[in-house]
Amino acid sequence: MAIWLVADSAAAEIAIVLNSGEGTVSVVDMGARKERSRIPIGKEPHHLMATPDDKHLIVANAVSNNLVFLDPATGQVVKRIEKISDPYQIGYSPDRKYFVSASLRLNQTDIYEAETFNLLKRIPTPKAPSHIAFNAASSLTFITLQHTDQVAAIDLATQQIRWTIKVGPVPAGIWMTPDDRHLLVGLTGADGVEVIDWRKPAVVARIITGKGAHNFLAMGDKRHVLVTNRVENSVAIVDQQSLKVVEKFPVPGGPDCMELTRDGRELWVTSRWKRQLTVVDMASKKIVAQIPVGRSPHGVYFRGHAPRQ
Amino acid sequence: MNDIVAAFAALHGALFENAVLPALFALGLMDFSEPAFDATEFVLIGLIQIGAVYVLLRPLEAWFPAEPWADRKAVRVDVLYTFLHRIGLVPIAVYALLRPLVDGTDEMLRALGYIPPGVEDAIPALHDSPFLTFVVYLLVLDFADYWRHRLQHRWGLWWALHSLHHSQRQLSFWADDRNHLLDDVIEGLWFSAIAFMIGVGPEQFVAAVMLIRFVESLSHGNVRFGFGRWGERLLVSPRFHRTHHAIGVGHEGRRYGCNFATLLPLWDIVFGSANFSYRGMATGITDQLGGRDYGESFLAQQWLGLKRLAGRA
Ligand SMILES: [Zn+2]
Ligand SMILES: [Zn+2]
């Protein structure tokens, strides 16, 4: 029995969850749907992403001013890169040349050379730069400015702000549609998503998704994207061609970041206010598990995720 | 223990989700949803703490009083101070006032290419042990508080404010938050600066504040006991702090007093200000015996504090 358990847990796929309010990472056994361990990681880890080669998982510790690289299979710490200023949200440009870090608390956006993590430029971007997107050509990065209700576009080669435009209240998540035409912006202070034609640039539409629209996740079919509505406690599925909501289902506790299994069958969502991961069966849209994790769980990742578009 | 944490988390989450968050949304204040989540927790912990301290200390004050009182009227104003603090009004106002200052300074330094270090830079092993890190923070914060308190007694202008805390002659577990509001702002500045310099994370800061408050409530209690010969030297006890409040002892001799520590008497021992010879003295300020008025109501106390500061009371 014991041997069987050990063998099983060694092979089990894990989900990694950042407990932003207690400085730990929860390692969750996906099969058993249980937290297996909780590892100290640093102060205020909010977002995480895989390196472009998928070998490591990067956790951005905003208050510790560092990036921690994890082994995505085990959750073990591999290395730390220090002196990364207040990394709240992070992102690689599609061509992998640039690494961008948004410093929400300090109104700055930092552009690094991705290979070396050498800081190219620290750009004042008031106020509260929060989420990051790129165009397909990797010439621009787009940042939502949460406290001034704007989106800024920064030229990556020159590291100059190209333009800023006004959007609705409290823009958070920002997402480039797979056809490289539109930016979707989650308005946490309103009830939906704004659509920006970034070449103009102008807001061209608003999609009503639910109160407190916040963050995005692609469903892997290059057509649909999921949106969390943090105040309404729901997740909406948006068709990126028709720019319409095709379905919506409840997810409790202030749903924030999401991860979808490769087969599209299960959606794992961090429920910020409830200290739990909520697992939704995507066929029935029913909640099949609520897994207790740490305080204020934010980013979530697992290896067997759906394609990122 | 896990059940208690889970029950508390459920209460915190439900309160935030059903009351605070919809209100923020309706008022167009969603920018502040995350600080508000923390503030909701801060307020809840504060309330639970008031309840716990009351249940623990009120019977002890009745059964083993350091000094017997005919009534507890003078204590009432301290109850108000406690609620103003522990349900978060004062700390949240101070936080809102100081946060832009701290973040603005931080932003400026980083624009110049300087990232303030944390204790982990000096002791890398702390990366893997939040508990040890917390202990280090607690030591640093307590050390800083010793010196803050010592200066409150040493500098006349600061004493003009801090004397309000000492003017309570019925010293009870409610007395610890009895402070001038301006002094609260100075305290906020002091701790923000320290926390900034050593890189304390917000949740550890809250945990430290909660622990310190608990010990402070206890050490102000009108109770007769100490912690024994060695215990007295490890943790600030009611006897130890009562000596600090004693008329003619706590804030006069040896260049303005003794027993300034909040958590660890160690600092008083090391810096030569410890006094373990409690003799059941009365608490208050010497000039109160000569009729000096420090006010009875909250407003009078605050106003007189400002007047003392201006040299007019
Ligand atoms: Zn004092
Ligand atoms: Zn005192």
Side-chain angles (χ1 to χ4, degrees), chain A residues 20-24 39-44 46 61-66 68 77 80 82-86 103-108 110 119 122 124 126-128 146-147 149 169-170 172 187-191 211-212 214 230-233 252-254 271-276 292 294-296, chain B residues 2 5-6 8-10 12-18 20-22 24-34 37-38 40-41 99 102-118 120-121 124 126-134 199-207:
Chain A
S20 64
E22 62 171 49
T24 60
I39 307 166
I41 190 83
K43 285 168 265 183
E44 292 218 21
H46 283 283
N61 288 317
V63 174
S64 288
N65 301 305
N66 63 15
V68 180
V77 173
R80 284 195 170 81
E82 302 289 347
K83 299 288 171 200
I84 303 293
S85 179
D86 185 30
S103 170
L104 181 91
R105 185 173 62 89
L106 300 171
N107 305 321
Q108 292 158 341
D110 291 358
L119 179 64
R122 178 160 296 152
K127 276 181 172 173
Q146 214 168 289
H147 288 194
D149 305 340
V170 196
L187 301 177
T188 306
D191 57 359
K211 279 185 185 173
H214 191 71
R230 255 174 117 175
V231 178
E232 189 184 84
N233 287 333
S271 290
R272 229 22 217 282
W273 324 132
K274 290 186 82 171
R275 306 189 188 200
Q276 72 178 31
R295 190 171 173 275
S296 213
Chain B
N2 278 337
V5 172
F8 175 79
H12 171 212
L15 183 67
F16 181 75
E17 219 180 301
N18 297 309
V20 181
L21 190 65
L24 291 176
F25 188 83
L27 295 169
L29 295 173
M30 282 299 286
D31 277 350
F32 304 102
S33 63
E34 276 151 44
F37 183 66
D38 295 340
T40 307
E41 185 179 43
R99 192 77 226 187
V102 172
D103 283 347
T105 309
D106 204 353
E107 185 180 334
M108 210 174 64
L109 289 173
R110 292 181 201 228
L112 299 170
Y114 178 79
I115 300 176
E120 295 88 346
D121 293 301
L126 294 180
H127 277 304
D128 304 314
S129 176
F131 178 74
L132 269 185
T133 313
F134 179 69
V200 181
E203 66 272 12
Q204 287 149 317
F205 190 69
V206 170

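Throughout, a chain's letter reflects where its sequence line sits, starting with A, and its residues are numbered from 1.
- Interface remark: Asn233(A) contributes side-chain atoms only to the contact with chain B (heavy atom separation under 4.5 Å).
- Heavy atoms closer than 4.5 Å to chain B are found in both the backbone and the side chain of Arg272(A).
- A salt bridge is absent between Asp106(B) and Arg99(B); no separation between the charged side-chain nitrogens and carboxylate oxygens falls under 4.0 Å.
- Between the Asn65(A) side chain and the Ser85(A) main chain, no donor and acceptor come within less than 3.5 Å of each other.
- Neither the backbone nor the side chain of Ala128(A) comes within contact range of chain B; no heavy atom of the residue lies under 4.5 Å from a heavy atom of that chain.
- Listed options His12(B), Gln204(B), Glu34(B) were ranked by heavy-atom pairs under 4.5 angstrom with chain A; first place goes to Glu34(B).
- In this structure, chain B has a heavy atom under 4.5 Å from the side chain of Lys274(A), while its backbone stays farther away.
- Neither the backbone nor the side chain of Leu119(A) comes within contact range of chain B; no heavy atom of the residue lies under 4.5 Å from a heavy atom of that chain.
- Heavy atoms of Ala9(B) lying under 4.5 Å from chain A belong to its backbone as well as its side chain.
- Across Glu22(A), Glu82(A), Gln276(A), Arg105(A), the residue that shares the most heavy-atom pairs under 4.5 angstrom with chain B is Arg105(A).
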Glu120(B) vs Asn66(A), side chain to side chain donor-acceptor pair (under 3.5 Å): CA-CA, chis, key distance, verdict
CA-CA 11 Å; Glu120(B) 295 88 346; Asn66(A) 63 15; over 6 Å; no

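- Side-chain N or O atoms of Ser20(A) include one that pairs as donor or acceptor with a backbone N or O of Ser296(A) at under 3.5 Å.
- Using a 4.5 Å cut-off between heavy atoms, Val231(A) contacts chain B through both its backbone and its side chain.
- Using cut-offs of 30° and 60° on the angle between ring planes, the pair His147(A) and Phe32(B) is tilted.
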Assess whether salt bridge (charged side-chain N to carboxylate O under 4.0 Å, His left out) is satisfied between Arg110(B) and Asp103(B), documenting all intermediate values.
CA-CA 10 Å; Arg110(B) 292 181 201 228; Asp103(B) 283 347; over 6 Å; no

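- When the candidates Arg230(A), Glu44(A), Lys211(A) are compared by the number of heavy-atom contacts under 4.5 Å with chain B, Lys211(A) comes out ahead.
- In terms of non-hydrogen atom pairs under 4.5 Å with chain B, the most contact-rich of Gly253(A), Gly254(A), Pro252(A) is Gly253(A).
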